[in-house]
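Beneath this line is the structure, given in structure tokens, with notes to follow.
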Amino acid sequence: MAAPMLRWGCAGRRWAFACVDGGSRHGLGARNDFTLSGMRGQSSLALQPLITAQKPRKGEHEWAAVVGLEIHAQISSNSKLFSGSQVHFAAPPNSLVSFFDASLPGTLPVLNRRCVEAAVMTGLALNCRINKKSLFDRKHYFYADLPAGYQITQQRLPIAVNGSLTYGVCLGKKRRQVITKMVRIKQIQLEQDSGKSLHDDLRSQTLIDLNRAGVGLLEVVMEPDMTCGEEAATAVRELQLILQALGTSQANMAEGQLRVDANVSVHHPGEPFGVRTEVKNLNSARFLAKAIDYEIQRQINELENGGEILNETRSFDSTLGCTVPMRDKEGKQDYRFMPEPNLPPLVLYDAASLPAGADSRQVINIDYIRERLPELPSVTREKLIEQYGMLPEHSFTLLNEAGLLEFFQNVIKETRAEPKVVTSWVLNIFLGYLKQQSLAVSESPITPSALAELLTLLDGKVISSSAAKQVFEELWKSKSKTAAQIVSEKKLELMQDLEALEQLCQAIMEGHPQVVMDLKKGNLKAINKLIGLVRKATLDRADPTVIKKILEEKLSS
Ligand code: ADP
Ligand code: MG
């Protein structure tokens with residue numbers, strides 16, 4: 001049966017509404033074409049070299065740029081903020097909509113405890129002060145994917161305020177130098193998400209999917225403490241890792257679970273901040289950095305050419321790489337904020353204020369949550385550096401790729417090889433192969449145990465490091481074989497027969513008297529030539545350090 005549609009005109013577009021009728025809902029079936037294809041996986045680019053903002057200098061004036069972010073993170077929760085509807089990404093359109101989500105008259109909000117706990121956890125992890133009393137407000141605006149005509153948010157008194165986020169920016173040509181930066185968090189507020197508008201330009205109509213309507217969001221508002229796109233992208237990446245470590249949001253940007261609005265302005269150093277523009281709805285770290293750097297340069301050019309900056313909202317056109325004004329957001333909006341009459345103040349407790357005999361299912365104890373906060377990424381990195389003597393930038397890479405840290409730890413658990421060797425193989429060779437083939441760690445054809453076994457063979461000098469690379473390539477191609485099987489099939493074992501190796505070294509020396517002469521005259525580098533010849537003669541099955549030792553002994557005798 002075709003879904004009954006409700007249509008009304010809106011600025012030349014027809015809005016089409018999929019009807020929600022009681023338990024059996026009519027979805028929009030085949031129109032489910034809104035997944036952000038082509039965007040997947042971009043979050044992993046976060047710490048790749050982003051375009052670095054040029055120092056905003058042009059003409060005679062020096063310019064300084066200021067960036068402040070407003071970030072919406074979708075709370076990981078089975079149900080919505082004020083209703084019992086389920087939350088799933090990419091479910092059939094309008095299949096997860098309760099009467100409340102569709103704003104049917106007479107429905108009332110019921111606050112989801114899980115969402116409140118997630119807000120408290122996130123606030124604590126970001127060093128915020130948690131307000132023991134916070135309030136809900138209605139923010140009014142008209143849009144077809146907001147059936148109530150207002151969003152319930154926390155404008156007057158949010159749940160968490162005055163925090164900070166520390167992040168590390170990698171600098172230098174090889175990005176080896178990590179400097180620590182901090183951005184202040186102004187506030188974190190709980191609010192509802194809106195539905196989704198799916199624009200069907202072919203039929204010149206817009207379809208509304210209310211699955212997302214009422215899903216719980218954390219809005220994290222940062223102070224204008226950043227100065228360029230890369231800083232902003234790195235701060236967002238750190239926030240993403242923190243939310244994931246806490247389990248308060250999956251924070252997958254490609255799936256819209258983390259959406260960023262960037263406020264950007266420029267001014268002359270020493271003067272007040274300039275008028276800001278807001279670039280809305282950036283859904284990848286790379287686009288965020290690009291949009292900000294573009295916007296900084298655009299504003300400088302505009303001002304240098306005698307123009308002025310309008311306090312406007314803009315969007316980023318990722319194909320053209322530029323920001324453009326958003327036509328539908330022209331003019332200052334009046335949100336007509338008012339207290340939400342259907343929700344009482346949200347009251348939280350701590351150990352000191354907890355009423356005697358309180359039912360722990362009825363109250364939220366901030367201290368209880370504080371004591372159970374999981375390990376944060378900054379602590380994990382410190383441990384890696386301390387435990388394995390890892391370079392700071394390596395600890396960043398390990399955490400930045402989803403699943404890589406776990407892979408590394410599993411290899412460490414199963415191998416006899418030194419942690420430094422494991423780090424180098426995981427970050428250089430393993431990650432290199434993955435990147436080359438655009439694979440996620442979870443899609444790797446090599447398991448941690450397979451790599452662990454290979455590295456144990458290398459550590460025990462059963463194979464040379466060049467043979468190890470050959471085995472790695474074979475493992476990558478054929479999942480069914482173990483490293484040991486490949487080594488024996490391809491006869492890659494290092495020569496263990498010292499006597500035979502000594503004889504071979506002797507023969508090579510005798511065959512190349514000129515090189516030996518050079519060496520004896522003091523050209524010590526000439527030994528490499530002999531080592532190379534011996535390795536070649538053994539088909540690279542001899543340990544170069546052993547060959548060197550034998551040659552040196554023979555030369556000095
Ligand atoms: P409003 O009340 O208009 O929403 P806020 O003070 O809440 O303004 O700030 C919104 C966002 O804009 C914050 O993330 C803040 O850091 C940022 N911001 C404020 N002033 C500037 C500025 N001059 N340049 C860049 N960003 C700014
Ligand atoms: Mg604001």
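Order of listing sets the numbers, starting from 1, for every ligand and every atom in it. Since we're looking at a predicted model, the values are computed, not measured.
- Per-residue contacts place Glu223 under 4.0 angstrom from the following atoms of ligand 1 (heavy atoms of the residue considered): 16 (O).
- In summary, Glu340 and Arg138 engage in a salt bridge, as defined by a charged side-chain N under 4.0 Å from a carboxylate O.
- Judged as a side-chain contact (heavy atoms from CB on, under 4.5 Å), and not counting sequence neighbours, the contacts of Glu375 are Val379, Thr380, Lys383.
- A salt bridge links Lys280 with Asp261; the closest basic N to acidic carboxylate O contact falls under 4.0 Å.
- For atom 4 (O) of ligand 1, the nearest non-hydrogen atom from the set His267, Gln155, Arg276 comes from Arg276.
- Contacts between Val221 and ligand 1 below 4.0 angstrom, taking non-hydrogen atoms only, involve the side chain exclusively.
- Using a 4.0 angstrom heavy-atom cutoff, Glu278 does not count as in contact with ligand 1.
- Of the N or O atoms in Met222, one or more lie within a sub-3.5 Å distance of an N or O in ligand 1.
- Note on Arg276 versus Glu70: no salt bridge recorded, every NZ/NE/NH1/NH2 to OD/OE distance being 4.0 Å or above.
- At a threshold of 4.0 Å, the pair Lys435-Glu401 counts as salt-bridged, since one of the basic side-chain nitrogens sits closer than that to a carboxylate oxygen.
- Set against the non-hydrogen atoms of Leu69, the atoms of ligand 1 under 4.0 Å away are 14 (O).
- Residue Phe273 approaches ligand 1 through these ligand atoms, each under 4.0 Å from one of its heavy atoms: 23 (N).
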